[in-house]
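Given the structure is predicted, the values throughout are model-derived calculations rather than measurements. Chain A is the first sequence line, chain B the second, and so forth, proteins listed ahead of strands; every chain is numbered from 1.
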Amino acid sequence: MIRTTSAASAFSRTDQRGKLSSFFIHPSKSKHITEYPTEININDAVSSFYQMLQMQPSPPISSLNKLIGAVAKTRNYQDVIFMYHRVIEVDLLPDYITLNILLNCYCSTKNVALGFAVMGGIFKRGYSPNIVTFTSLIKGLCMEDKTDDAIVLFNKIIGMGFHPSMWTWGTLIKGLCRSGKAEVALRLHKEAGKGNGRSDLRFKPNLICYATLIHGICKEGLVDKGKQLFLEMKGRGIMPDLVAYSGLIHGLCEGGEWEEAKRFFIEMVDQGIRPNVILFNILIHTLCKEGKTNEASGLFNLMIQRGEEPNLFTYNILINGFCLQNRIDDARELFVLMEDRGHKRDVVSYNVLINGYCKSQRLEEAMRLFKEMVRKEYKPTLITFNTLLTGLFQVGNVEDARALFQQMKIHRVTPDSSSYNILMDGFCKNNCLEEAMELFHTLEGSGFDLGIETYNCILDGLCRAGKLDIASVLFENLSQKGLVPTVVTYTIMIHGLCKDGKMEEANNLFLKMEKEGCAPNVVTFNTLMQGFYNYNEAPKMVELIQKMAERNILPDASTVSLVIDLLSKDMNYSKYMSLIPKFSNQG
DNA sequence: CTAGGGTTAG
């Protein structure tokens, strides 16, 4: 019995709120199709290989190639290299396929130089490289970000009379996208599609080339172009598959075009393509980022209903989603549930939940989880420590933060610059300026590469402790250290000056940062306006509001509250309300 | 023998 109900009609009939979840009205029907992934057992392949090596007379190299190739497919490249050496040791002659497999191993492990060396071997043994050889070399060059060389090689082999195969094109497109040059890939796609007068070289991309390019283009934020490519592909009669849809949907999700993403998702299911765990993860992740945790968990439940098993990623995404919404108990529930359902947690699961507890200021629980993970032999990472340190300082527990920092050594985790920044910032904000300065000087003395973020912590700490003079000297010396103040640095200094009532200097610094090409943001404006407000300089505030409007800087909650304060002093300023987009929009 | 999609902190 075939269900003819199209997904779209099911959607329109049952969906009241446009929720994606209401779309799955049928439980999955065909879960048990033969889904045996042709899993190659490496051990079997390797042991057959050794048996074969000992055979007399020697086996044909083609048989050995099959086994080496099987291992290569599993990406155990070290094993492949080892097997190759065994072939040489027993004095068997590798043929060009053996050598192509070896060459591809080197290229796939960012060792293109050795790849070229193997090509030398191909010549030396009297063979010739073929298009497969060159495709691997192009991949190798791209893997090392030598995309220019890859394109040169690509053109060179065409000049030599080789015809790039669909794999060659796909490899080049993927390589360019991998190096963040999707636009170059797109240009290539367009130009090669015209053929330049040689119809035999005209590029007619297949599904995989399109899917690769769509994904790459979307990843660089050019979602519209990605969508265009998708439509172009369909226009050429190439039916998109799950991967092609996933790439586009992911791009649309990242670009915030949720409605459009949903539209393509529905279209996909209408085409009879079943979403898998990867696509579900993309959608659940997007919903979580948008704060739509309920819809996310709805999708989660429905994927289970449909027989699509959530994996470790799914759980981690959703646990983090709950944490971001401060629904720590729901997060906890899922954290427990995942093990009950037979999914082993990983460090990320712990990091995510620990972060949730830190954000909810429940540090005793966060620390308890930390101890639990250590006991269960999950190795805490740098992220674990940085998260916990941030949390401990936030609740003012300097003592435990110090102790935890000491523990990093025991766990063989090396603090990075952000660990130190967390520490210095934490000390500053908890009245331990001395300790912060001490650490600062130690790091400076040991030649640790301190970034502007570190100086931001220290400058803020000094300003807050009323040591504006010291902060000013440090600030003036930044360029001497080769550091460029950011908008945050300037804002901290402006804040410090305002706090000391040095409004003229604060205003001058504001003007100076603009002159230096550093654009003030909404926080800078708020800071300076607050200063003017405190010293009853309403006209100066108005000036700043006008400037904000001119530059299309959107006001935030603090801006609005400042303007309300201003109005409560003198309603004559109400005419400036219209300058604030948020106000004027609301009519 | 060669090409495509997924998570976590600050």
Can I get a per-line list of side-chain donor-acceptor pairs under 3.5 Å for residues 244-253 of chain A, giving both atom names and the distance, sequence neighbours left out?
{"residue": "A/Tyr245", "atom": "OH", "partner": "A/Glu267", "partner atom": "OE2", "Å": "2.6"}
{"residue": "A/Ser246", "atom": "OG", "partner": "A/Leu242", "partner atom": "O", "Å": "2.7"}

Neighbour count >12 (heavy atoms, 6.0 Å) for atom [atom1], [X]:
{"X": "A/Glu339", "atom1": "CD", "value": "yes"}
{"X": "A/Lys156", "atom1": "NZ", "value": "no"}
{"X": "A/Gln271", "atom1": "CD", "value": "yes"}

With sugar-phosphate meaning primed atoms plus P, OP1 and OP2, does [X] contact a base, only sugar-phosphate, or nothing at under 4.0 Å between heavy atoms?
{"X": "A/Ile383", "value": "base"}
{"X": "A/Asn351", "value": "nothing"}
{"X": "A/Asn206", "value": "base"}
{"X": "A/Asp241", "value": "base"}
{"X": "A/Leu312", "value": "nothing"}
{"X": "A/Thr387", "value": "sugar-phosphate"}
{"X": "A/Ala244", "value": "base"}
{"X": "A/Ile208", "value": "base"}

Checklist entry - Mapping A/Arg75 and A/Ile97 onto DNA chain B by nearest heavy atom, which one lands closer to the 5' end? => result A/Ile97

Next on the checklist: Under the rule for side-chain contact (heavy atoms from CB on, under 4.5 Å), what residues qualify as partners of A/Asn100, not counting sequence neighbours?
Outcome noted: A/Tyr96, A/Ile122, A/Asn130, A/Val132, A/Thr133

Item to check | DNA chain B contacts made by residues 129-145 of chain A, counting heavy atoms under 4.0 Å | outcome: A/Asn130, A/Val132, A/Thr135, A/Lys139

Checklist entry - So is A/Arg345 actually on top of A/Tyr315's ring, under 6.0 Å and inside 45° of the axis? => result no

List the atom pairs, donor and acceptor, that lie under 3.5 Å between side-chain atoms in residues 62-71 of chain A and the rest of the protein, sequence neighbours left out.
{"residue": "A/Asn65", "atom": "OD1", "partner": "A/Thr98", "partner atom": "OG1", "Å": "2.7"}
{"residue": "A/Asn65", "atom": "ND2", "partner": "A/Asp95", "partner atom": "OD1", "Å": "3.0"}
{"residue": "A/Asn65", "atom": "ND2", "partner": "A/Asp95", "partner atom": "OD2", "Å": "3.3"}

Checklist outcome for this item: At a 4.0 Å cut-off to heavy atoms of chain A, the contacted part of DNA chain B spans B/dC1 to B/dG10

Checklist entry - Are A/Phe405 and A/Phe385 close enough that their ring centers fall under 6.0 Å? => result no

Checklist entry - How would you list, by chain and number, every residue that makes a side-chain hydrogen bond (donor to acceptor under 3.5 Å, both in side chains) with A/Thr381, sequence neighbours excluded? => result A/Asn351, A/Thr384

